Number of protein chains: 2
Amino acid sequence: MDKRITIRDIARRAGVSVATVSNVINGVNKASDGTKKLVLQTIKEMGYQPNLTARSLSINRSQMIGVLLPIDESTTASLLLRDNPFYGEFISGVEYQGMMSGYDVLISGFRPGQSCREWILKRDLDGIVFVGNYTDAVSSDAKEFGSQLVLVDSYDEGLEKHHSVNIDDVQGGYAAAKHLLDLGHKNIAIAASNILVDGAIYRRFCGYKDALSEKGISVRNDFIFQDSLSFDGGYRIGLRILENIGQISAVFAVADIMAFGIMKAFYENGKQIPRDLSIVGFDDIKTCEYVIPPLTSVHQPVYEKGITAVNILIDAIKNPDIPKRNVLFPLKLTERGSTMNFCERRLFSGACL
Amino acid sequence: MDKRITIRDIARRAGVSVATVSNVINGVNKASDGTKKLVLQTIKEMGYQPNLTARSLSINRSQMIGVLLPIDESTTASLLLRDNPFYGEFISGVEYQGMMSGYDVLISGFRPGQSCREWILKRDLDGIVFVGNYTDAVSSDAKEFGSQLVLVDSYDEGLEKHHSVNIDDVQGGYAAAKHLLDLGHKNIAIAASNILVDGAIYRRFCGYKDALSEKGISVRNDFIFQDSLSFDGGYRIGLRILENIGQISAVFAVADIMAFGIMKAFYENGKQIPRDLSIVGFDDIKTCEYVIPPLTSVHQPVYEKGITAVNILIDAIKNPDIPKRNVLFPLKLTERGSTMNFCERRLFSGACL
DNA sequence: ACGGAAATGTTAAACGGTTAACGAACATAT
DNA sequence: ATATGTTCGTTAACCGTTTAACATTTCCGT
């Protein structure tokens with residue numbers, strides 16, 4: 001409960017003006033070495049910490065950046081952060097890089113109907129990292145006040161107009177399907193959420209389609225399974241695939257979590273992965289290594305995305321006129337035990353076609 | 001890039017003094033209904049947002065709270081947040097409750113050698129939620145500046161002196177072992193990290209011991225397996241258990257992630273869960289539902305811990321003199337498919353002893 | 001009609017920094 | 001000796017709020 005020590009206390013004790021103390025702190029070269037030493041010494045002795053709130057007010061910059069996370073629409077209450085390990089990992093990257101660059105990180109859910117203008121303005125945020133599907137409102141909000149903006153995971157819209165960090169979903173989808181094709185599979189289903197709603201999912205689908213058509217295979221409508229992007233959604237799709245078990249030998253699930261649901265459905269019905277179905281997931285969350293068999297999945301660099309977003313943001317804060325940067329992370333498939341060669345699989349039940 | 005609108009602009013436009021505008025904003029009842037309406041109207045028209053930085057400076061409170069997260073000691077670089085879904089879930093609770101109470105949330109890793117005094121001082125933080133093993137330095141830092149402190153997951157030390165939120169590890173460990181005992185198991189191993197190092201783990205062990213001795217069973221030293229608190233650690237323990245497969249029929253893993261490692265070791269060696277080994281985990285992370293069989297686990301309310309911590313913190317901020325509160329969440333076991341009755345299991349291989 | 005309280009405002013000094021503008025002291029060049 | 005420039009500092013205004021202290025008007029009881 002001590003009285004807070006201010007720059008004036010330092011000035012008084014050191015016998016100089018507050019301006020001089022301020023200059024020393026900020027490295028403005030306007031003090032003799034002697035004075036500098038004296039001031040620094042005094043600061044140390046008194047355990048003085050400059051107050052960033054006051055500084056913010058004065059220089060109109062806060063040295064804080066914000067992360068806006070999507071909300072779980074179903075509850076409006078909790079962040080997706082709660083249920084999806086992704087966001088924690090992402091924030092970790094943001095926090096680390098922010099800290100390294102001297103910025104503090106504020107987090108918040110971006111609740112519908114809310115404007116980020118409010119948030120930026122209230123706290124004088126120097127910039128924000130916006131995760132998820134961005135709305136035009138967001139960008140105009142940011143621009144209006146000299147705050148910088150980096151979009152993450154919202155590839156589609158207005159990409160050129162903003163800084164952005166994305167993963168190459170098309171290529172990822174392609175890699176997934178390609179892997180299955182290389183294993184000799186021809187009848188490859190896809191498990192997804194509504195393909196037309198979510199841009200990222202649609203792009204993964206496109207990659208899948210590309211890989212197939214490269215081999216002269218066209219996508220069969222009845223091989224496109226759509227349900228909610230969740231374990232339960234995957235489970236339901238798993239049951240539907242089981243009905244077509246003779247025709248489908250492999251499936252590309254556009255999210256790991258759906259893949260787990262499919263695996264569950266299969267096990268419950270006495271089928272085995274990968275003997276009865278090869279599965280490749282997408283995201284490569286830690287759980288992929290824990291399940292049995294471990295899930296082959298398209299790896300996405302979540303932590304690195306956080307780091308990169310902050311790097312771009314801070315560059316932009318320091319120099320608002322740099323051209324927009326749009327980073328697209330290439331994706332690589334991590335092969336594990338949930339996929340196997342189509343022919344070898346046939347060895348269990350007969351000859352290879 | 002517009003000029004920011006300040007309280008003076010509002011005052012000018014509405015033809016009143018800034019003090020009046022301020023009063024209206026803060027609900028101080030010093031203005032006539034007419035004036036109030038006028039001011040509010042003007043605020044809306046001009047899209048004015050009070051600047052919290054300036055307010056902070058003025059009232060010496062920031063309406064911000066901080067969350068200090070433990071760092072992964074191995075890297076010092078990244079947060080544990082990166083690898084452990086826990087923290088994301090926890091932060092989600094903190095963010096939600098903070099938002100509901102009008103506080104913004106700042107997050108940071110608590111890096112060794114750092115003092116939180118600096119952080120509190122710099123940003124005028126009203127309070128902080130400290131997660132993990134706390135050091136005395138933290139508390140004196142906080143106290144010194146009227147900042148409030150809530151300790152999370154650091155049951156042991158100086159509990160009475162601070163607000164705290166913890167889970168009842170002893171009871172959780174007890175519940176885990178009890179469940180296995182109730183299923184008829186007698187030779188129950190425990191998989192843990194070094195029992196003497198981490199207080200929480202030690203308490204879980206104590207609960208396990210209590211349950212056993214209640215049944216007249218004493219803990220066998222060769223049934224205590226210790227390794228790193230990770231999937232790999234669990235895997236190694238799994239291999240060691242396999243060597244004693246005749247003797248051990250069940251295991252309590254003090255963290256889900258270790259349980260998954262054990263399961264993996266068993267499957268790789270052609271053994272089946274729960275037929276050859278009943279397993280109960282601890283934490284009940286989402287993954288428990290995804291693995292096959294789904295893991296029986298002691299559920300811990302991570303999100304609620306976040307909510308509760310913030311509630312206590314804000315109470316303490318508003319009234320610094322309230323007595324210290326120490327919340328201890330009771331734990332409940334969630335039964336799933338990784339455990340089975342000892343006798344039924346014997347049906348596979350012979351008679352029930 | 002008068003005094004005092006209540007209601008409604010205003011003024012101006014904080015809060016803890018930054019920084020433009022100014023100035024003194026001293027060295028150097030002419 | 002004078003002009004010119006550096007070096008080292010100070011003064012004071014400002015950032016956008018809050019709030020104590022004061023001022024004016026209105027209301028009410030007697």
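Proteins come first, then strands; the chains are lettered A, B, ... in the order of their sequence lines, and each starts at number 1. The figures that follow rest on heavy atoms only: side chains count, while hydrogens, waters and symmetry mates do not. This structure is a prediction, so every number in the text was calculated from the model and none was measured.
- Across all strands shown, B:Thr20 has heavy atoms under 4.0 Å from base atoms, whether or not it also approaches the sugar-phosphate.
- By the ring pair (Phe, Tyr, Trp, His ring centres under 6.0 Å) test, A:Phe90 is found to be paired with no residue, residues two or more places apart in sequence or in another chain being considered.
- Reading DNA chain C from its 5' end, the first and the last nucleotide to sit under 4.0 Å from a heavy atom of chain B are C:dT8 to C:dG16.
- Note on B:Asp126 versus B:Lys318: no salt bridge recorded, every NZ/NE/NH1/NH2 to OD/OE distance being 4.0 Å or above.
- Residues satisfying the side-chain contact (heavy atoms from CB on, under 4.5 Å) criterion with A:Lys30, sequence neighbours excluded, are A:Asn23, A:Val28.
- Backbone-only engagement by A:Thr35 is indicated by non-hydrogen atom pairs under 4.0 Å involving sugar-phosphate atoms exclusively.
- Among residues two or more places apart in sequence or in another chain, the ring pair (Phe, Tyr, Trp, His ring centres under 6.0 Å) test is passed with B:Tyr87 by none.
- Looking at residues two or more places apart in sequence or on another chain, you find a side-chain contact (heavy atoms from CB on, under 4.5 Å) between A:Ala19 and A:Ser17.
- Rounded to whole angstrom, the span from the CZ atom of A:Arg12 across to the P atom of D:dT10 amounts to 14 Å.
- A search for side-chain contact (heavy atoms from CB on, under 4.5 Å) contacts involving B:Leu57 returns A:Thr53, A:Ala54, A:Leu57, not counting sequence neighbours.
- Judged as a side-chain contact (heavy atoms from CB on, under 4.5 Å), and not counting sequence neighbours, B:Ser58 has no contacts.
- Scanning for side-chain hydrogen bond (donor to acceptor under 3.5 Å, both in side chains) contacts around B:Thr35 gives B:Ser32, with sequence neighbours left out.
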Seminar exercise, completed: Contact string for nucleotides 12-18 of chain D, one letter per nucleotide 5' to 3', B = base within protein heavy-atom range under 4.0 Å, S = sugar-phosphate only, - = neither, reads ---BBBB

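- Using a 4.0 Å heavy-atom criterion, one finds that B:Val28 contacts no nucleic acid atom at all.
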Using the 3.5 Å cut-off, write out each protein N or O paired with an N or O of nucleotides 22-24 of chain D and the distance between them.
none

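- Sorted by first and then second residue, the salt bridge (charged side-chain N to carboxylate O under 4.0 Å, His left out) pairs involving residues 38-53 of chain A (not counting sequence neighbours) are A:Arg13-A:Glu45.
- Listed by chain and number, the residues in a side-chain hydrogen bond (donor to acceptor under 3.5 Å, both in side chains) with A:Lys36 are A:Asn29 (sequence neighbours excluded).
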